[in-house]
Amino acid sequence: MTNIGLTIVDRALLAGEDLSAATIAWGRRPERPPALALTDRDLRLMALLHGANFLSTSHLTVLGWGFSRERAAQMRLKRLHDSGYVDRFRPTSAYGRAEWNYRLTSLGFSALRECEMVSGDQRYTPAPL
């Protein structure tokens with residue numbers, strides 16, 4: 001099944017289906033990460049990732065932007081990824097592309113700690129797949 005014609009809610013329900021270590025494609029980052037000033041929304045979404053371990057593009061879009069701002073959400077999530085605050089991955093597929101799933105990185109956790117959104121004595125290790 002491809003994601004063409006599916007609503008954002010349908011894609012959210014299918015996110016993460018059939019993932020395994022042999023079928024995961026990780027997002028690539030540019031060699032020189034772009035400068036990024038974190039917004040309150042960025043921090044709140046990273047805090048959600050910290051609590052949930054993994055969220056799909058659809059989930060983060062609905063939680064951070066609502067249903068009508070899908071492209072803006074995709075662009076901002078890519079910037080957070082390219083700057084190293086989140087990791088993104090998806091199942092590889094010979095039939096089209098699956099949506100990205102995200103998890104918080106150590107850099108993202110450090111940003112949450114600096115803003116006192118998590119306890120200063122907590123340690124963080126990204127959730128394994």
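Residues take their numbers from the sequence shown, with the count starting at 1.
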Sequence-distant partners of Arg71, side chain to side chain contact (heavy atoms under 4.5 Å, CB included), two or more places apart: Gln74, Met75

Does the Glu70 side chain pair with the main chain of Thr61, one donor and one acceptor, at a distance under 3.5 Å? no

Measuring from Arg103:CZ to His81:NE2, what's the distance to the nearest 0.5 Å? 10.5 Å

Could you state the interatomic distance from OG (Ser56) to CZ (Arg90), rounded to the nearest 0.5 Å? 13.0 Å

Provide the closest heavy-atom pair for Ala35 versus Arg79 in the form atom of the first, atom of the second, distance. O-NH2, 2.9 Å

Any salt bridge (charged side-chain N to carboxylate O under 4.0 Å, His left out) pairs touching residues 30-57, not counting sequence neighbours? Asp42-Arg76

Apart from Leu63 itself, what residues make up its hydrophobic cluster, given side-chain heavy atom links below 4.5 Å? Leu36, Leu38, Leu43, Leu45, Met46, Leu48, Leu49, Leu55, Leu60, Trp65, Leu77, Leu80, Tyr85, Val86, Trp100, Tyr102, Leu104, Leu107, Phe109, Leu112, Met117, Val118, Tyr124

Inter- and intrachain pairs under side chain to side chain donor-acceptor pair (under 3.5 Å), touching residues 105-119, at least two apart: Ser119-Asp121

Considering residues at least two apart in sequence or located in another chain, which fulfil the salt bridge (charged side-chain N to carboxylate O under 4.0 Å, His left out) criterion with Arg88? none

Holding to salt bridge (charged side-chain N to carboxylate O under 4.0 Å, His left out), I want the full list of residues that pass it with Arg29, two or more places apart in sequence or in another chain. Asp87

